Amino acid sequence: MWGGRFGAPPDPRLRAFTRSFPFDRRLARWDLVGSLAHARMLLEVGVLDRESGEAILRGLAGMLQDVESGALRVEGEDEDVHAWIERVLSERIGDPARRLHTARSRNDQVATALRLYVRDVAEHVVDGILELLEVWVEQVREHRETVLPGYTHLQRAQPTTLAHHLLAHVWSLLQDADRFRRVHRVSGICPLGAAALATSPYPVRPERTVELLGFVEAYANSMHAVADRDYVLEALFACAVLQLHLSRWAEEVVLWTTQEFGFASLDDSVAGGSSLMPQKKNPEAAELIRGKTGRTIGALAAVLAVLKGLPLTYNSDLQEDKEPLFDALDTVCGSLRAAAVLARGVRYHPDRMRSALRGGFLTATDLADYLVRRGVPFRTAHEQAGCAVREAEARGCELWELPLQILRACCPGVEEDVYEILSPEGSVHARAVAGGPAPQRVAEQLERAQEAVEEVRRWRRACKPPPIYTAYREGRLLAERL
Ligand code: ARG
């Protein structure tokens, strides 16, 4: 590929060290698609003659087809996937293959393939998010009236509903979907035509390759086009946050399925056993979703460190963006799939949740709020409700079991109607402001979440494969108009 000025072959030890083919081979499909667009554009502007252009397009299409069918294995001793494509194309079509690299460099080529890849995987990640959201939303619907303690500091704090609780996770995941849509958009700058860094003297049409590849826009600066990997960082950040969200949910699965909590249990098909202790049932998938968060955070840190201080434009260091990126994207895709399966196998136990509502005086704040509504300053109300808690604790009963005259000794202003807000259900129903746990408000929230999910679905449906890829599928690569 570049032997002309060299008098000796590369040292095999360094070649083994510097080559990227073992991991960038997964870009083969996208590099072929990028090459199809490049070749078609060169043909259209007359840089490639008809005969070579058509031979190249046919050759690349044949390779793409064989890669997709598995007939052509992406393997060999090549330096990287780009070298592999040129070699195999040469073997298949001979001399015309030597014209494909006109007006491009591996620098704009790799950036194009990587951006196409990131856009494609971002769509798959959004599919995975939608699948998990579907399971959670179903569970929200089933548990609108299931009351359980909400926690702060992992101490029982105030009553809420399971629907309200699960919706909190739903909104986090909707934010993740948003982030991956952003990743899709910012990866939409097409670097083709930038060549090594300074473009080329050929009449290339970057807007045309943008169109053929379904990108958002052409590069504005050819040096930026080949040097920046900010879209890789954005993808990695989106992966890290998504995985972190999954991990917080997974941690709850671990915690809630303990005998200590007992708020949930796992179907046998989603739990693991112990080789030693016959009775064990372990939440392994949840633990691994939690555990894999380390990789995604590490991947982001790794690429940040690779990019820091790199002079413009291309440097071999940039090759180090791929393994962390691939690993992080594989991790989130795998974790989303696992989370959807696991979530379907989580059984909730409303009775256990109900018994956890006892003994913690979870409605003490409701009592204070009741007093405030009757004109007592909040600080005084806090004190009076605290007195009632002390009283109930001493008697070994719940706040709602205190006789009225005992309650009155602490809180002079209370009437009979105080019992309406002292029970967990009463507390939940009283919090009927927007975003709160009252069933009516949760129903509205669920509707809003479902609209947001629908919006994500619409976006996903509007994603189209690159037009040049569609043309290849339809056998129209050589069509007059494309
Ligand atoms: N394998 C390289 C990478 O992944 C491709 C670009 C190589 N360009 C170069 N000038 N050596 O970044």
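As the structure lists them, so they are numbered: ligands from 1, and atoms in each ligand from 1. Every value quoted in this text rests on a predicted model; they were computed, and no experiment measured them. Scope of the values below: all heavy atoms of this structure, side chains included, with no hydrogens, waters or symmetry mates.
- With sequence neighbours excluded, the residues that form a salt bridge (Lys or Arg N to Asp or Glu O under 4.0 Å) with Glu68 are Arg29, Arg473.
- Sorted by chain and number, the heavy-atom contacts of ligand 1 below 4.0 Å come from Ser20, Asp24, Asp80, His82, Arg106, Asn107, Val110, Tyr314, Gln319, Lys322.
- Ring orientation note: the planes of Trp459 and His184 are nearly perpendicular, at an angle over 60° on the 30°/60° scale.
- Minimum interatomic distance between Arg19 and Glu77 (heavy atoms only, all atoms of both residues): NH2-C, 3.4 Å.
- When all heavy atoms are compared, the tightest approach of Leu255 to Phe261 is O-CB, 3.2 Å.
- Of the candidates Arg295, Lys292, Arg26, Arg26 is the only one forming a side chain to side chain donor-acceptor pair (under 3.5 Å) with Asp330.
- For the pairing with Arg181, the salt bridge (Lys or Arg N to Asp or Glu O under 4.0 Å) check across Glu234, Glu455, Glu123 returns one residue only, Glu455.
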